[in-house]
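Down below is the structure, laid out as structure tokens.
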Amino acid sequence: MIEAGTVFVLKERERREKESDEEMKDDFQALVLNGDSQQLSSSRFSSLLASKDRDYLLSPTGAQVKICDLDGKIIGLYFGANWYPPCQNFTQALIGIYEQLKSCGCNFEIVYVSSDEDADAFNNYHACMRWLAIPFSDLETKKALNRKFDVEGIPCLVILQPNDNKDDETLRDGVELIHRYGVRAFPFTKERLQRLHEEEREKHEKQTLTSLLTNHDKDYLLGHPRPKQVPVASLIGKTVGLYFSAQWCHPCATFAPKLMSIYQKINQMLVEKGDEGFEVVFVSSDRDQDSFDSYFDTMPWLALPFGDPTVKDLAKHFDVNAIPCLVILGPDGKTVTRQGRNLINLYKENAYPFTDAKVEMLEKQMDEEAKSLPRQVCHSRHRHELTLVSEGNGGGPFICCDCDEQGSGWAYQCLECGYEVHPKCVAVGAAAAADRASSDNS
């Protein structure tokens with residue numbers, strides 16, 4: 001049975017979501033009926049998308065559409081390529097958003113700027129889209145757009161407003177906005193986004209473990225042996241890690257054993273102190289039930305059921321765009337950090353309870369330890385000399401070239417080619433090399 005308090009939380013969440021949906025519909029109608037858009041000058045628009053011998057774009061069927069037909073519309077310039085999996089995934093998400101906006105009568109259009117390898121690849125990929133494109137053969141226009149909007153990676157979605165006569169009005173983070181807000185991001189104005197940010201802030205401030213992990217049909221998690229049901233209410237008062245992962249993900253396969261070991265060490269430490277335990281909840285991105293079952297069976301913690309709609313809600317709520325990801329919730333259900341994976345890699349079980357105060361203490365401790373580290377070292381896995389750096393003198397967040405895990409703070413960096421490793425990985429490598437030398441001599 002779901003407790004009365006839980007019912008109240010769910011009904012309140014339903015009411016807020018319904019109000020938000022009604023407000024979004026009102027926004028759409030206002031935009032459509034009141035003509036909220038000022039026209040972008042044809043000359044500026046043509047200067048972006050046309051060439052001296054072309055004043056049209058291509059539809060997915062190959063038909064020519066005049067560029068002037070886009071006047072007065074909000075435009076998304078979509079930089080992508082068929083060969084890149086993140087683009088393939090984002091394209092599918094963008095198709096859904098585009099169709100929803102079009103069905104509401106919103107004044108929105110997308111123009112595809114291709115980085116496909118050849119014309120056939122472009123034609124095949126564009127055919128599955130719903131929007132227009134720069135012709136594949138017009139390399140100069142595509143290069144000019146990439147330069148103008150400083151496109152350094154794909155997928156990239158640049159949003160142009162109808163009254164966008166200043167570059168500082170242009171939004172370059174359309175991919176993130178689509179992932180985070182979906183159709184609610186439209187019309188992508190500063191006012192709309194500010195409103196969404198405020199709603200998001202309020203939602204995070206009001207979040208509880210119950211509001212995050214329960215829904216109309218379920219107030220439990222899966223335990224071991226399956227299908228044991230563990231009430232969400234039993235976790236209230238504990239520090240909880242939401243572990244976003246999947247069996248098919250190689251980085252997840254690397255991180256999961258480490259997290260299992262740390263999980264057991266933290267709980268052993270808490271038992272000795274007589275404190276509340278640390279719990280982890282598996283939030284699956286597996287592709288089928290069998291994959292979920294076999295992966296979850298290797299884990300010592302709890303899980304949301306496979307296919308639970310709460311999974312997508314959590315991914316959006318915490319803006320999870322890549323896995324593995326470990327979000328830490330405090331005993332009150334509020335977010336402590338979304339950087340749990342990084343903290344586990346850096347500090348292991350000492351990271352618990354992952355609070356700002358604990359991290360600050362560990363950073364100071366790391367700074368003290370760094371004073372005794374050599375400034376330059378030779379690493380057995382790299383041909384160049386490595387230099388000790390910190391965030392203040394050339395370092396910063398990085399992916400260790402030895403263990404493929406995140407790092408920040410201090411690192412050994414190759415100033416010639418950018419190779420970067422954790423100081424602990426250099427120490428491990430040196431110890432292994434010494435063991436091999438000793439073995440050879442014996």
Side-chain angles (χ1 to χ4, degrees), residues 12-32 36-37 73-80 86-111 129-131 149 153-162 164 168-207 211-212 215 242 244 283 285 308-323 325 327 334-335 338:
E12 180 65 14
R13 187 166 65 185
E14 277 186 78
R15 182 187 65 77
R16 292 198 301 269
E17 290 174 350
K18 185 175 180 181
E19 287 179 354
S20 180
D21 289 342
E22 291 299 324
E23 288 172 356
M24 186 177 75
K25 289 178 182 177
D26 291 342
D27 288 343
F28 285 156
Q29 291 174 354
L31 286 163
V32 175
D36 188 27
S37 305
K73 294 186 177 183
I74 296 169
I75 305 299
L77 298 180
Y78 176 34
F79 299 82
C87 290
Q88 297 166 10
N89 294 334
F90 181 68
T91 295
Q92 291 306 309
L94 190 58
I95 288 173
I97 299 299
Y98 181 82
E99 290 179 339
Q100 288 183 66
L101 291 175
K102 283 296 188 181
S103 69
C104 292
C106 296
N107 219 11
F108 181 58
E109 191 52 73
I110 296 174
V111 177
M129 300 174 180
R130 307 292 186 269
W131 45 79
F149 297 109
I154 55 174
C156 175
L157 184 65
V158 175
I159 304 294
L160 303 175
Q161 293 292 340
D164 183 10
D168 61 0
E169 296 291 325
T170 301
L171 287 175
R172 291 169 169 80
D173 55 351
V175 172
E176 179 183 347
L177 295 175
I178 291 296
H179 278 308
R180 181 175 294 183
Y181 302 119
V183 294
R184 298 176 65 231
F186 187 84
F188 305 100
T189 58
K190 288 184 176 179
E191 294 76 18
R192 179 63 177 170
L193 298 179
Q194 181 62 40
R195 179 176 166 188
L196 291 173
H197 287 322
E198 184 64 23
E199 289 177 0
E200 192 175 66
R201 183 186 64 78
E202 291 178 359
K203 192 174 181 180
H204 279 269
E205 286 179 351
K206 295 176 180 177
Q207 81 181 30
S211 68
L212 288 172
N215 57 38
L242 301 180
F244 297 81
V283 185
S285 294
D308 191 316
T310 304
V311 170
K312 289 185 178 180
D313 294 340
L314 289 173
K316 278 193 174 183
H317 184 70
F318 293 109
D319 195 26
V320 177
N321 295 320
I323 55 174
C325 175
V327 176
K334 301 295 188 292
T335 306
R338 294 188 302 167

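We count residues from 1, following the sequence as given.
In this structure, the side chains of T170 and L160 come closer than 4.5 Å at one or more pairs of heavy atoms. Under the 4.5 Å side-chain criterion, counting only non-hydrogen atoms from C-beta, N321 is not in contact with F90. Side-chain contact between E200 and K316 is absent, with no heavy atoms from C-beta onward closer than 4.5 Å. Within the 4.5 Å cutoff, no side-chain heavy atoms of K190 are placed close to those of Q194.
Separation of atoms OH (Y181) and CD (E176) is listed at 8.0 Å; rounding is to 0.5 Å. Atom CG of L157 sits about 8.0 Å away from atom CG of L77, to the nearest 0.5 Å. To the nearest 0.5 angstrom, I178 atom CD1 is 10.5 Å from D173 atom CG. Atom-to-atom distance recorded for I97:CD1 and H179:NE2 is 10.0 Å, nearest 0.5 angstrom. Annotation: the span from L314 atom CG to L242 atom CG amounts to 6.0 Å, rounded to 0.5 Å. Of the inter-residue distances, the one linking R338 atom CZ with D319 atom CG reads 5.5 Å to the nearest 0.5 angstrom.
Looking at residues two or more places apart in sequence or on another chain, you find a side chain to side chain donor-acceptor pair (under 3.5 Å) between T310 and N215, D308. Partners of K102 by salt bridge (charged side-chain N to carboxylate O under 4.0 Å, His left out), not counting sequence neighbours, listed by chain and number: E109. The side-chain contact (heavy atoms from CB on, under 4.5 Å) check on N89 picks up nothing, with sequence neighbours excluded.
Shown here for R172 and F149, the closest heavy-atom pair between the two residues is NE-O, 3.5 Å. Residues F108 and I75 share a closest heavy-atom pair of CE1-C, 4.4 Å. Here the closest non-hydrogen pair linking Y78 and P155 is CE1-CB, 3.8 Å. In terms of heavy atoms, N107 sits closest to F186 at N-CZ, 4.2 Å. Smallest separation of non-hydrogen atoms from L193 and A185: CD2-O, 4.2 Å. W131 and I110 get closest at one heavy-atom pair: CB-O, 3.2 Å.
Proximity of a side-chain donor or acceptor of H204 to a complementary backbone N or O of H317 within less than 3.5 Å is detected. A donor-acceptor pair is defined here as one N or O able to donate and one able to accept, closer than 3.5 Å; such a pair exists between the side chain of Q161 and the backbone of P187. For the pair K334 (side chain) and Q207 (backbone), a donor-acceptor distance under 3.5 Å is present. A donor-acceptor contact shorter than 3.5 Å is absent between the side chain of R130 and the backbone of G96.
Salt bridge annotation for E199-R195: present, with a cationic side-chain nitrogen under 4.0 angstrom from a carboxylate oxygen.
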